[in-house]
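Here it is: the structure, laid out below.
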Amino acid sequence: VQLQASGGGLVQPGGSLRLSCTASGRTLSYYAMGWFRQAPGRDHEFVAAISSSGTKTRYTDSVKGRFTISGDDAKNTVYLQMNSLKPEDTAVYYCALREVAYRYYYIIYDVPAKYGYWGQGTLVTVSS
């Protein structure tokens, strides 16, 4: 499975970006996805995650009310809509995928070690 992330760039504080992450390589039955970020000199930080069902989401406190994660199963794509961006949101954003059995259809994963597949990262810079 390969993950291709895109949508990063330079944006002014208060602006918006939408990140996309598309999975390819083979047919996936059930999978959960997440977004993590890493700022210079810092560890990977959980940002948002969505269950395989698409009905459960979770966000880190600092992005609640500003970021929205969503998925399109037909396109094997997950999105991260980021609004009201702040300079502290500057980081490389990574998407991640975890294949799951159907009994975990509604489970959200917010720990990097739970994911087996990672995208290459897309840089988001928030600066005036």
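Note: hydrogens, waters and symmetry copies are ignored here, and every other heavy atom, side chains too, is used. Here the structure is a predicted model, which is why all the values come from computation and not from measurement.
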(Q) A quick test of your reading: do over 12 heavy atoms of other residues, nucleotides or ligands sit less than 6.0 Å from CZ of Phe46? (A)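 For Phe46, atom CZ is crowded (more than 12 foreign heavy atoms under 6.0 Å).
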Q) Quick one: do Glu88 and Arg37 make a salt bridge, cutoff under 4.0 Å? A)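 No.
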Q) Can you find a heavy atom in the side chain of Thr60 that is under 4.5 Å from one in the side chain of Glu45? A)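 Contact flag for Thr60/Glu45 side chains = yes.
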Q) Would Val92 and Val63 show up in the same hydrophobic cluster when neighbours are defined by side-chain heavy atoms closer than 4.5 Å? A) no
Q: Compare every heavy atom of Leu97 with every heavy atom of Ala23, then report the nearest pair and how far apart it is.
A: CB-CD1, 3.9 Å
Listing, residues 6-16 side-chain donor-acceptor contacts under 3.5 Å, not counting sequence neighbours, or none:
unit_1, atom_1, unit_2, atom_2, d
Ser16, OG, Asn83, OD1, 2.9

Q. With under 30° as parallel and over 60° as perpendicular, where do the rings of Tyr115 and Tyr109 fit, or are they tilted in between?
A. perpendicular
Q. Checking side-chain contact (heavy atoms from CB on, under 4.5 Å) for the pair Val100/Tyr105: CA distance, chi angles, key distance, verdict?
A. CA-CA 7 Å; Val100 299; Tyr105 192 54; 5.8 Å; no
Q. Would you call the rings of Trp118 and Phe36 parallel, tilted or perpendicular, where under 30° means parallel and over 60° means perpendicular?
A.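 Because their plane-to-plane angle lies in the 30° to 60° range, the rings of Trp118 and Phe36 count as tilted.
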Q. Taking 4.0 angstrom as the limit, do Asp61 and Lys64 come out as a salt bridge?
A.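 Salt bridge flag = yes for Lys64 with Asp61.
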Q) Taking the side chain from Thr77 and the backbone from Thr22, do they hold a donor-acceptor pair closer than 3.5 Å? A) no
(Q) Can a donor-acceptor pair be found, under 3.5 Å and without considering hydrogens, that links the side chain of Ser51 to the backbone of Lys56? (A)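 Yes: the side chain of Ser51 pairs with the backbone of Lys56.
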**Q.** Heavy-atom donor-acceptor pair, Tyr94 side chain to His44 backbone, under 3.5 Å
**A.**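 No, the answer is negative, given that no donor and acceptor are paired below the 3.5 Å cut-off.
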Q) Would Tyr104 and Tyr30 count as a ring pair (Phe, Tyr, Trp, His ring centres under 6.0 Å) if you check the C-alpha gap in whole Å, the side-chain angles of each, and the deciding distance to 0.1 Å? A) CA-CA 9 Å; Tyr104 301 118; Tyr30 306 108; over 10 Å; no
Q) Would you say the side-chain atoms of Thr125 and Ser127 include a donor-acceptor pair closer than 3.5 Å? A)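 There is no such pair (donor and acceptor under 3.5 Å, judged by atom type) between the side chains of Thr125 and Ser127.
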Q | Test item: Thr90 side-chain N/O and Val126 main-chain N/O as donor-acceptor pair under 3.5 Å | A |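 Present.
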Q) So, the side chain of Arg58 versus the backbone of Ala49: is there a donor-acceptor pair under 3.5 Å, distance only? A) no
